[in-house]
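Whatever order the structure lists ligands and atoms in, that order sets their numbers, starting from 1. What you are looking at is a predicted structure, and each value in this text was computed from that prediction instead of being measured.
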Amino acid sequence: MNQTVVPDVSPATLEVVPLGGVGEFGMNMMAVSWEDTTILIDAGVMFPEPDQLGVDLIIPDLTYVEARGDKVKALVLTHGHEDHIGAVPHVLPMFDGPVYGTAMTLALIQPKLEEHEIDAKGRLKPVKPRDRVTIGPFTIEFVRVTHSMPDCVALVITTPVGVMIHTGDYKIDQTPIDGEHFDLHRFAELGAQGVLVLFADSTNVDRRGFTGPEIEVIDAFEELFTSTQGKLVVAMFSSSIYRMQVLVDLAAQFDRKVAFVGRSIVQNAEIAQRLGYLRIPSGLQIRDSDVGNYASQDVLCVTTGSQGEPQAALPRIAIDDHRFVKLGPDDTVVFSARAIPGNEKAIARVMSHVARRGADVVTDSMKHVHVSGHGSAEELKLVLSLARPRYFVPVHGEYRQLAQHARIAKRVMSGADHRLQVLLAENGDIIQFDERGARIAGKAPAGRVLIDVTRVGEVSDEVLRDRRHLAGDGVVVAVVAINRQTGSLVGVPELVARGFVVNEDETDSLFKDAAIVIAECIAMLSVEERADQGLMTEKLRGELRRFFKKRSGRRPFVLPVLMEI
Ligand SMILES: [Zn+2]
Ligand SMILES: [Zn+2]
């Protein structure tokens, strides 16, 4: 991994090191240390952009965690979004201690641990808001905040030099779907008693006013339930449990059956139901395989794929490639999520496919079918003025957002009786607090590690250059020329390998057969699939992986490169 030396923690000093999510979006993680004790806050992932071929997930560089070794005593989680828990399976094997989180958060990491065959049952410690746990010199209190899913908490960490608050992700939803309010009282109490440092969510700092409650989307959906003649299909993030509840309630009211479509959404709906965070009246829910047995006007499908991910439910439905759910001219497809930057093209392609089926497309720019889970400027100001910290560190955002949050904080805390110092940190910065004050005192290793989930283990940051790591199975690049108009294969695909060595005679015949696999795969694609490079690349990648695994027993890193001619 990273070659940078990891400096020791200074004596009698609180050291906080953001390992991800500070100066970028996603993979939130932070280490908090006092002498021989380190606790970790969150362990999230970032999703790759479409051009990072062959990469499934991105996690923080864990060199720092590795270097702290058995001083790492616990992992503390704020909530169950992927950008906070996605890397938990990669972090758990690196230390022995407990993992603290609310019931919903822990339930969402359970399937990940099973997938990675990690037995951590005894280590998962459920907590409730206002609970406290002690780890070495730290006492951690969990304080409820509101966000776009249930059971989210801020962390109040009492350290030998003062109180540190980490907000986690939040907005201030004053009419929460589950009736569980943001614990503003506790923030005010803590502010009155004295807060050393506040770490706060900066995501929506550039939006004016208040973000608005989750219930705000009900009006728009009510209209859609009334006006849609056929099936209503709503794509969203699979963790948006509140949105699910809104839709389930409306389906009950408008006499539609509800089908969850897509693996992660089915799984999360099940978890939320089991824990009592999603209430579905009996008889309302049907399986995706039953959708065809109902008149289309009697069905609501809640699906994955709001980001245009080729393997998810909606993009498959949109090209008529889903076993059970088909689209017709009377149907309406709603994108009930924001487009994560980088996904716009993929989403636009899915919308065109939907339109080609004759169905209506509704996005949040047309109707108010999505509301953010992150607080806008006025909410961020409110939390600042309640907590009244001595030091402020904006987190969870790109640098421009951190800088804007810093400006706002200075304005909020400009009264003569209060001096606020802002520490504008980035990933890897070592932030020190001691008797003399606070400062950024150096740099610990931080960065990104790219994960290819079909492999065991990780591919380092310099994935395409790291010969040492790839020497085992190597890389195969398949250059495939396709006709710009028809999407059909032109000529014979060319295969280039690095570090993928079988014996030489075999390589020749292997690559000839691989070229045939490519030709057959493209021949099998529908016209629409051929028009969609994202889908085509995904299909080719899957087929070629299977082929090489079967024929050579190896799992080379497969990169199909499509060239339009
Ligand atoms: Zn979140
Ligand atoms: Zn987040």
With Arg68 via side-chain hydrogen bond (donor to acceptor under 3.5 Å, both in side chains) - residues at least two apart: Thr38

Derivation and outcome, side chain to side chain contact (heavy atoms under 4.5 Å, CB included), residues Leu224 and Val334: CA-CA 9 Å; Leu224 290 165; Val334 185; 3.8 Å; yes

Worked verdict on Glu82 versus Lys112 for salt bridge (charged side-chain N to carboxylate O under 4.0 Å, His left out): CA-CA 11 Å; Glu82 288 298 320; Lys112 296 180 195 305; 2.5 Å; yes

Aromatic ring pairing His166/Phe199, orientation class (parallel under 30°, perpendicular over 60°, tilted between): parallel

His405 and Phe392 aromatic ring geometry - parallel, tilted or perpendicular at 30°/60° bounds: perpendicular

For the Zn ion (ligand 2): protein N/O/S atoms at distances below 2.8 Å: 4

Atom nearest to the Zn ion (ligand 1) - His147, N, O or S atoms considered: NE2

Six-ring centre of Phe237, Arg243 cation under 6.0 angstrom, axis tolerance 45°: no

